[in-house]
**Student:** 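Dropping the structure in here first, questions after.
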Amino acid sequence: MALKIYSTLSRQKEDLVPLEPGVIKMYVCGPNLYGPAHVGHAMSYIVFDTIRRYLQYRGFQVRYVQNFTDIEDRIIETARSLNTTVKDLSEKYIARFYAEMDALNVLRADYNPRATEVIPKIIEIVAGLIAKGYAYPIEGGVYFRVTRMTDYGKLSKRSLDGMEAGARIEIDERKEHPMDFALWKASKPGEPAWDSPWGKGRPGWHIECSAMSMQFLGEQLDIHGGGHDVIFPHHENEIAQSEAYTGKVPFVKYWVHNALLRLHEDEEKMTRHLGNIVSVQEALQKYGGDAIRLFILSSHYRSPLTWKDENIIAARHGAERLRVALRDYEAGPSSNPADALCEQADQASRAFVFAMDDDFNTPRAIAQVYDLARTINAARDNGAPSNSVAYAQSILLELTEVLGLTLKGVSGPSEVEPFIALLVQTRNELRAAKQFALADQIRNRLAELGVVLEDAASSTLWKYTSQE
RNA sequence: GGCGACGUAGCCAAGUGGUCAAGGCAGGGGUCUGCAAAAUCCCGAUCGCCGGUUCAAUUCCGGCCGUCGCCUCCA
């Protein structure tokens, strides 16, 4: 069965058929580097990372490009207010972005171009659009002539007439049409600027993504992703300028947009402009990457989700149970390599693929993962053959890796481990001597210090617990 | 005003025109344990409201109510 993917352009699930067999060219809109990322960004990048991982799991070679917007009005503004340079500001947030995405186990893109490194390509496209009559210069700036594109609005399903009626923007009277958008902006003194045929200036808001995707992936892409809020005008304009420039349609085969994350208290979408933000850093400290990922993926990517502490904590508990299912297991006979447990694992794997093939239905896929974890735990409780358990665990690990879970658990300072081990050993001697009051006291005190003990049949396991 | 999405157990969240509904978290009960913990087993929903289509609707259509998103920078 073919993998189905929903495209915003057709508003339908379509069979995924790449432009080039076996290869997926994928571009995802990256962050604007004027500030730290929040969990809404994390949601988008986790969603697309999971799609990428799954496509790779299904055997596609994925070429994944995600940009950094390192030149834009707000960055200029922020740099100025912080008395730093645009360059330093963006470098700082790029470093932070990488660190945070690594912590979320988001795989690095094959390439992360910055807008400022494709200025020549941008100028080339803008000049080409002017030459073809799709754009016109005005006083050092260049605007795209939306009326030249008869299908303008096809992604967001709006008409120029309809948009004009509701437009709240202040209209630049110099433009031919209110909806014409800037491809190139004349710079003001003191702003970063590049030489161009139209004078000193910088790229407009949408052209960078067209330039970067063309330069690093080609003139047509398979998948272009981003948040739902970026459909209009950003992606609409990307289509217009790209298809006008190359003459190749479609610019993108499958437009994929994730629904937005809201913050519990006010139930409004989370955005830096509204200031109702939970930063990625803060979320990572509180919950860890696995809990965040599991929480995000427990709802379908096209459904809006609300950031609510108790739900992320619930996801953390779920992740813990998956972790337990992957614990080493040696007891039990080693025989019957192809028994019911192995069959159940294979079944879970098939069901997982079936769910993910249906427009990346992670909630259903995760249900399979939990089922398999329960099966493994139950089999282990019943003393199943160790090689069967190991096989089922290998399947479970494979599936959780597709979801980008590490299942590593909370780590603590390694230098205290010998001391904890000593306490555990001492306590077990007390237990053997039936000194239960003292033994329980040690266990309770360790728990207060963030170390939990679990007395198994033959040995005592201990682990650090997450805070709060 | 225009366009669009959603409303399923305490919370989160899949799903299907006809064994009247996955999974997670929380809660209750049992097993295991010196006691715990972990694990496991059992227990809960008739699917926003009102009509319609159908032999049959939670699933299709219409209306209503409610929540939310985009239309402006925004993942």
**Student:** Can you work out whether A:Ala439 or A:Pro304 has the more 5'-proximal nearest nucleotide on RNA chain B?
**Tutor:** A:Pro304
**Student:** Has the side chain of A:Arg443 got a donor or acceptor that lies under 3.5 Å from a partner of the other kind on the base of B:rA36?
**Tutor:** yes
**Student:** Ring centres within less than 5.5 Å and planes less than 30° apart: is that true of A:Tyr45 and B:rA75 in this structure?
**Tutor:**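 A:Tyr45 ring does not meet the centre or angle cut-off for B:rA75; no stack.
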**Student:** Whole angstroms only, please: what is the NZ-C1' distance between A:Lys308 and B:rG24?
**Tutor:**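 Value for this atom pair: 14 Å.
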**Student:** For A:Asp339 and A:Tyr391, does a side-chain donor sit closer than 3.5 Å to a side-chain acceptor?
**Tutor:**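 A:Asp339 vs A:Tyr391: no donor-acceptor pair found between side chains.
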**Student:** Identify whether any heavy atom of A:Phe436 sits under 4.0 Å from a base atom; if not, whether one sits that close to sugar-phosphate; answer base, sugar-phosphate or nothing.
**Tutor:** base
**Student:** Nearest of B:rG69, B:rG24, B:rA75 to any side-chain atom of A:Val230?
**Tutor:**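 Selected nucleotide: B:rA75.
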**Student:** Nearest whole Å is fine: how far is B:rU72 C1' from A:Met179 CE?
**Tutor:**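 To the nearest whole Å, that distance equals 9 Å.
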**Student:** Using the C1' atoms only, state how far B:rG63 lies from B:rG69, rounded to an integer number of Å.
**Tutor:** 23 Å
**Student:** Applying the Watson-Crick and G-U wobble criteria at under 3.5 Å, what pairs with B:rU54? Answer none if nothing qualifies.
**Tutor:** none
**Student:** Rounding to a whole Å, what distance do you find between A:Trp307:CH2 and B:rA75:P?
**Tutor:** 17 Å
**Student:** Expressed in angstrom and rounded to an integer, what is the separation of A:Arg158 atom CZ from B:rG69 atom C1'?
**Tutor:**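 After rounding, the reported distance stands at 11 Å.
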**Student:** Look at all strands and tell whether A:Gly30 reaches a base, only sugar-phosphate, or nothing, counting heavy atoms closer than 4.0 Å.
**Tutor:**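 Sugar-phosphate, no base atom in range.
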**Student:** Students often get this wrong, so: under 4.0 angstrom with heavy atoms, is A:Ala314 touching a base, only sugar-phosphate, or nothing?
**Tutor:**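 Sugar-phosphate, no base atom in range.
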**Student:** Taking the basic N atoms (NZ, or NE/NH1/NH2) and the acidic carboxylate oxygens, is any pair closer than 4.0 Å for A:Arg293 and A:Asp290?
**Tutor:** no
**Student:** Figure out the NZ/P separation between A:Lys157 and B:rC3, and round it to whole Å.
**Tutor:**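 Atom-to-atom, A:Lys157 to B:rC3, this comes out as 14 Å.
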**Student:** Taking A:Arg364 for its side chain and A:Phe352 for its backbone only, find out whether a donor-acceptor pair lies under 3.5 Å.
**Tutor:**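 A pair under 3.5 Å: no.
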**Student:** Among A:Trp184, A:Tyr152, A:Trp205, A:Phe181, which one satisfies ring-ring contact (aromatic ring centres under 6.0 Å, His included) with A:Phe144?
**Tutor:**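 Filter result, single survivor: A:Phe181.
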**Student:** Touch check for A:Gly40, heavy atoms < 4.0 angstrom, all strands: base, sugar-phosphate only, or nothing?
**Tutor:** base
**Student:** At under 4.0 Å between heavy atoms, what does A:Leu294 touch on the DNA or RNA strands: base, sugar-phosphate, or nothing?
**Tutor:** nothing
**Student:** Side chain of A:Arg431 only, please: which of B:rA13, B:rG69, B:rC35 is the nearest?
**Tutor:**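 Between B:rA13, B:rG69, B:rC35, the one nearest the side chain of A:Arg431 would be B:rC35.
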**Student:** Could you state the CZ-C1' distance from A:Phe232 to B:rC74, rounded to the nearest angstrom?
**Tutor:** 14 Å
**Student:** Starting from the 5' end of RNA chain B, give me the residue, A:Arg11 or A:His300, whose nearest nucleotide shows up first.
**Tutor:** A:Arg11
**Student:** Check whether any side-chain N or O of A:Arg321 sits under 4.0 Å from OP1 or OP2 of B:rG24, and answer yes or no.
**Tutor:**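 The answer is yes; a side-chain N or O of A:Arg321 sits under 4.0 Å from OP1 or OP2.
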**Student:** Spell out yes or no: do the side chain of A:Asn361 and the base of B:rG15 have one donor N/O and one acceptor N/O closer than 3.5 Å?
**Tutor:**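 Between B:rG15 and A:Asn361, which were checked side chain against base, a qualifying N/O pair under 3.5 Å is absent.
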**Student:** For B:rA5, give the paired nucleotide (Watson-Crick: N1-N3 plus N6-O4 or O6-N4; G-U: N1-O2 and O6-N3; both under 3.5 Å), or none.
**Tutor:** B:rU67
**Student:** Classify the side chain of A:Asp455 and the base of B:rC35 as holding, or not holding, a donor-acceptor pair under 3.5 Å.
**Tutor:**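 Result: at least one qualifying N/O pair found.
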**Student:** Using the ring of each side chain (for Trp, its six-membered ring), is A:Phe68 parallel, tilted or perpendicular to A:Phe97, with breaks at 30° and 60°?
**Tutor:**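 It falls in the perpendicular class, over 60°.
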**Student:** Mind checking the C1' distance from B:rG18 to B:rC60? Whole angstroms is fine.
**Tutor:**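 The same atom, C1', in both gives a distance of 14 Å.
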**Student:** Between B:rA38 and A:Asn377, is there an OP1 or OP2 to side-chain N/O distance shorter than 4.0 Å?
**Tutor:**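 No, no such contact exists.
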**Student:** With rounding to whole Å, what would you report as the distance between B:rG7 and B:rA13 at their P atoms?
**Tutor:** 9 Å
**Student:** Nearest to the side chain of A:Asp229, which nucleotide is it out of B:rA39, B:rA38, B:rA75?
**Tutor:**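 For the A:Asp229 side chain, the nearest candidate turns out to be B:rA75.
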**Student:** Report yes or no: do A:His206 and A:His234 form a side-chain donor-acceptor pair below 3.5 Å?
**Tutor:**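 Yes, A:His234 and A:His206 have a side-chain donor paired with an acceptor closer than 3.5 Å.
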**Student:** Choosing from B:rG23, B:rC70, B:rC25, which nucleotide comes nearest the side chain of A:Arg374?
**Tutor:** B:rG23
**Student:** Hey, does the side chain of A:His317 come within less than 4.0 Å of B:rA26's phosphate (OP1/OP2), counting only N and O?
**Tutor:** yes
**Student:** For B:rU59, give the paired nucleotide (Watson-Crick: N1-N3 plus N6-O4 or O6-N4; G-U: N1-O2 and O6-N3; both under 3.5 Å), or none.
**Tutor:**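 Looking at the geometry, B:rU59 pairs with no nucleotide.
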**Student:** Given B:rU72, B:rA14, B:rA75, which nucleotide is nearest the side-chain atoms of A:Pro363?
**Tutor:** B:rA14
**Student:** Does A:Thr362 have a side-chain nitrogen or oxygen under 4.0 Å from the phosphate oxygens OP1 or OP2 of B:rA13?
**Tutor:**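 So the side-chain polar atoms of A:Thr362 never come under 4.0 Å of the phosphate oxygens OP1 or OP2 of B:rA13.
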**Student:** For the pair made of NE2 in A:His235 and C1' in B:rC74, what is the distance, rounded to whole Å?
**Tutor:** 12 Å
**Student:** Could you work out which one of B:rC74, B:rC11, B:rC35 sits closest to the side chain of A:Glu310?
**Tutor:**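 Selected nucleotide: B:rC11.
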**Student:** Assign the ring pair A:Tyr54 / A:Phe360 to parallel, tilted or perpendicular, where the plane angle (0 to 90°) is split at 30° and 60°.
**Tutor:**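 Ring orientation of A:Tyr54 relative to A:Phe360: perpendicular.
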**Student:** Check every strand shown and say whether A:Asn311 touches a base, only sugar-phosphate, or nothing at a heavy-atom separation below 4.0 Å.
**Tutor:**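 Touches sugar-phosphate only.
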**Student:** How far does the P atom of B:rA14 sit from the matching atom of B:rG23, given to the nearest Å?
**Tutor:**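 Per the computed distance, 15 Å lies between those P atoms.
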**Student:** For the pair made of CD1 in A:Ile312 and P in B:rG24, what is the distance, rounded to whole Å?
**Tutor:**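 It is 19 Å, rounded to the nearest whole Å.
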**Student:** If we take the C1' atom in both B:rA37 and B:rU31, what is their distance in whole Å?
**Tutor:** 15 Å
**Student:** Give the minimum heavy-atom separation between A:Tyr27 and A:Ser213, together with the two atoms involved.
**Tutor:** CD1-CB, 3.6 Å
**Student:** Spell out yes or no: do the side chain of A:Arg74 and the base of B:rC73 have one donor N/O and one acceptor N/O closer than 3.5 Å?
**Tutor:** yes
**Student:** Should we count CZ of A:Arg327 as having more than 12 external heavy atoms under 6.0 Å?
**Tutor:**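 Buried by this count: over 12 neighbours within 6.0 Å.
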**Student:** Distance between the P atoms of B:rC11 and B:rA26, in whole angstroms?
**Tutor:** 16 Å
**Student:** Taking B:rA5 as the reference, what is the distance to B:rC73 when you measure between their P atoms (whole Å, please)?
**Tutor:**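 After rounding to an integer number of Å, I get 23 Å for this pair.
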**Student:** Return the nucleotide paired to B:rG34: Watson-Crick means purine N1 to pyrimidine N3 with N6-O4 or O6-N4, wobble means G-U with N1-O2 and O6-N3, both under 3.5 Å.
**Tutor:**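 Base-paired to nothing in any strand shown.
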